Chemist: 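Next up is a structure, given as structure tokens.
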Amino acid sequence: DHRDLHYPLRRQRQMCIRDSYRRERPQIALSHGARSQILLCNILRTPTVLIMDYEHSHAAPLSRPNWVIVPDILSNTRPLQKHYQMRYYPGIKEDVYVPDFVPDPLILRELSLNQDEINITIRPPAKEAHYYSPDSDLLFFELMKRIMQTPGTKAILLPRNQFQERFLKEKNADWFTSKKAFVPAHAVDGLNLLWHSDLVVSGGGTMNREAAALGIPAYSIFRGSAGAVDLWLEKEGRLTMIKSPEDVWTKIRIVKRAMPSTQGVRHMTTLNRLIYIIENIIETESAEI
């Protein structure tokens, strides 16, 4: 099972958290989905705060946090309200850091991107995730089929891990030999890559939401349980949900994007509210010690 390849990394991460805990002796733990951290802190009876934005994620045994902070779009999600002490913030988590983003056109030369081509950044579905649906893969391969048949297009693929990269290159060698697709040789600034793309298609959540926050055409091929944040972005016209192979051909607009002269509105409302909530939780927990 290729999932076993990730076990040493998980084990290493858990040991790193354990060693940091012994060294720093924190009084409260904060994360955006760090299950290893929550598990360790629960065992050591350290209060935990989880920031999350997908209400269908599963909590592992013994990894329930004390506090949960979510977008106010999830304020009516009853299962969350039933089990956790809840706090809410406006907007989406990507609004925390997108306002600080500054585009750097050097990435075009770094990745040898031709501005005359339609550059499409694609995040394949996560097969190892508990929310994975085979339908997402069906849509991903249909998208690649369309790109292979569309002149003047280039797919920038961002695999989830080395196993997925090897699988795609071995099973679909024509994508790469035709130079219609490539995988960056090293990690790049994700926001910068999205900014210099003409459209973004992802089988997950964060990359699509980053594109939506930046005002870039975003398409979701995620076919697990739809999150309230994505449904809200779809209602706002900032994200298009692709639900069938036919949608791949009719709803995804493969066209050049007019590059704006400025990034748009930069506000720190989401960040400021999150900081206020976290400070309030710290004060509450400190008062109980």
Side-chain angles (χ1 to χ4, degrees), residues 1-10 13 94 101 103-129 131-212 214 216-224 242 245 248 252 254-257:
D1 191 336
H2 66 265
R3 288 174 293 185
D4 291 341
L5 297 173
H6 304 289
Y7 176 78
L9 293 178
R10 289 198 301 267
R13 186 162 54 243
E94 290 73 16
F101 168 68
D104 183 357
L106 288 178
I107 194 172
L108 297 170
R109 184 171 62 186
E110 179 184 354
L111 298 180
S112 300
L113 294 177
N114 185 343
Q115 289 183 282
D116 293 330
E117 291 184 314
I118 300 172
N119 295 305
I120 308 168
T121 294
I122 304 171
R123 182 73 155 166
K127 282 194 172 184
E128 295 84 5
Y131 50 73
Y132 167 73
S133 168
D135 289 342
S136 297
D137 265 334
L138 178 67
L139 299 181
F140 167 67
F141 286 106
E142 190 71 16
L143 170 65
M144 292 305 300
K145 176 181 177 181
R146 182 182 174 190
I147 290 173
M148 292 303 109
Q149 297 179 14
T150 304
T153 57
K154 176 65 68 71
I156 304 131
L157 295 175
L158 303 178
R160 303 278 173 164
N161 48 55
Q162 291 180 341
F163 175 86
Q164 188 176 58
E165 179 179 353
R166 289 197 303 270
F167 174 82
L168 293 176
K169 288 182 175 179
E170 291 172 1
K171 300 296 183 180
N172 308 277
D174 57 309
W175 296 356
F176 305 93
T177 56
S178 66
K179 299 189 183 300
K180 293 281 286 181
F182 76 98
V183 175
H186 54 81
V188 297
D189 183 325
L191 290 182
N192 201 35
L193 175 59
L194 299 185
W195 179 260
H196 290 92
S197 301
D198 293 295
L199 62 148
V200 175
V201 185
S202 176
T206 297
M207 186 167 291
N208 276 333
R209 295 167 190 176
E210 288 177 336
L214 288 168
I216 299 164
Y219 300 88
S220 175
I221 55 173
F222 176 70
R223 295 305 299 140
I242 303 302
V248 170
I252 298 179
I254 300 182
V255 296
K256 285 297 295 180
R257 178 172 72 95

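Position 1 is the first residue of the sequence; numbering continues from there. Reckoned from all heavy atoms, side chains included, excluding hydrogens, waters and symmetry mates. Bear in mind the structure is a predicted one, so any value in this text is a computation, not a measurement.
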Chemist: Just say parallel, tilted or perpendicular for the rings of Trp175 and Phe141, cut-offs at 30° and 60°.
Modeler: tilted
Chemist: Can you see which heavy atom on Ser178 is nearest to which on Met148, and at what distance?
Modeler: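 Taking Ser178 first and Met148 second, the nearest heavy atoms are OG-SD, 4.1 Å.
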Chemist: Under a 4.5 Å cut-off applied to non-hydrogen side-chain atoms, are Asp189 and Trp195 in contact?
Modeler: no
Chemist: For a side-chain contact (heavy atoms from CB on, under 4.5 Å) check, start with the C-alpha distance between Ile221 and Leu138, then their side-chain angles and the critical distance, and finish with the verdict.
Modeler: CA-CA 9 Å; Ile221 55 173; Leu138 178 67; over 6 Å; no
Chemist: To the nearest 0.5 Å, how far apart are CG in Leu194 and CD1 in Ile216?
Modeler: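 Leu194 atom CG to Ile216 atom CD1 measures 5.5 Å (nearest 0.5 Å).
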Chemist: Please enumerate all residues that pass side-chain contact (heavy atoms from CB on, under 4.5 Å) together with Glu117, with sequence neighbours excluded.
Modeler: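 Glu117 satisfies side-chain contact (heavy atoms from CB on, under 4.5 Å) with Asn114, Asn119, Lys154 only.
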Chemist: Go through the steps for Leu139 and Glu142 under the test side-chain contact (heavy atoms from CB on, under 4.5 Å), then give the verdict.
Modeler: CA-CA 5 Å; Leu139 299 181; Glu142 190 71 16; 5.5 Å; no
Chemist: Identify the two heavy atoms, one from Ser197 and one from Arg257, that lie closest to each other, and give their separation to 0.1 Å.
Modeler: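 It is O-NE, 3.0 Å.
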Chemist: How long is the span from the OG1 atom in Thr121 to the NE2 atom in His196, to the nearest 0.5 Å?
Modeler: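 Spacing of OG1 (Thr121) from NE2 (His196) equals 11.0 Å.
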Chemist: Kindly indicate, with the supporting measurements, whether the criterion side-chain contact (heavy atoms from CB on, under 4.5 Å) is fulfilled by Leu193 and Leu111.
Modeler: CA-CA 9 Å; Leu193 175 59; Leu111 298 180; 3.9 Å; yes
Chemist: Please determine whether side-chain contact (heavy atoms from CB on, under 4.5 Å) holds for the pair Leu158 and Met207, giving the CA-CA distance in whole Å, both sets of side-chain angles, and the decisive distance to 0.1 Å.
Modeler: CA-CA 10 Å; Leu158 303 178; Met207 186 167 291; 3.4 Å; yes
Chemist: Do Val201 and Ile242 have side chains that get closer than 4.5 Å, going by heavy atoms?
Modeler: no
Chemist: Where is the tightest heavy-atom contact between Phe222 and Gly203, given as atom of each residue plus distance?
Modeler: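 Where Phe222 meets Gly203 most closely, the heavy atoms are CD1-O, 3.4 Å.
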Chemist: Just verifying a value: how many Å separate Leu214 CG and Glu94 CD, rounded to the nearest 0.5 Å?
Modeler: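 Those atoms lie 9.5 Å apart.
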Chemist: Answer whether the closest heavy-atom distance between the side chains of Phe182 and Leu157 falls below 4.5 Å.
Modeler: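 Side chain of Phe182 against side chain of Leu157, heavy atoms only: no contact under 4.5 Å found.
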Chemist: Within a strict 4.5 Å, meaning less than it, do heavy atoms of the Asp198 and Pro217 side chains meet?
Modeler: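 No - every pair of side-chain heavy atoms lies 4.5 Å or more apart.
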Chemist: Work out which heavy atom in Phe176 is nearest to a heavy atom in Ala181; give both atom names and the distance.
Modeler: CD2-O, 3.5 Å
Chemist: Can any side-chain N or O of Lys180 pair as donor or acceptor with the backbone N or O of Met144 at less than 3.5 Å?
Modeler: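 Not a single qualifying donor-acceptor pair exists.
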Chemist: Of all the heavy-atom pairs spanning Ala218 and Ala211, show the shortest one and how long it is.
Modeler: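 The pair with the smallest heavy-atom distance is CB-CB, 3.8 Å.
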Chemist: Using distance only, find each side-chain donor-acceptor pair of residues 167-174 under 3.5 Å and give its atom names and separation, not counting sequence neighbours.
Modeler:
from	atom 1	to	atom 2	distance (Å)
Lys169	NZ	Glu165	OE2	2.8
Asn172	ND2	Leu168	O	3.3

Chemist: Using a 3.5 Å distance criterion without hydrogens, assess whether the side chain of Thr153 forms a donor-acceptor pair with backbone atoms of Ile147.
Modeler: yes
Chemist: Donor-acceptor pair, distance only, cut-off 3.5 Å: does the side chain of Arg146 make one with the backbone of Ile252?
Modeler: yes
Chemist: Please identify each residue that fulfils ring-ring contact (aromatic ring centres under 6.0 Å, His included) with Tyr219, with sequence neighbours left out.
Modeler: none
Chemist: Might you point out which heavy atoms bring Pro124 and Gln164 nearest each other, and give the distance in Å?
Modeler: CB-NE2, 3.6 Å
Chemist: Decide yes or no for Leu199 and Val255: does some side-chain heavy atom of the first lie under 4.5 Å from some side-chain heavy atom of the second?
Modeler: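 Side chain of Leu199 against side chain of Val255, heavy atoms only: no contact under 4.5 Å found.
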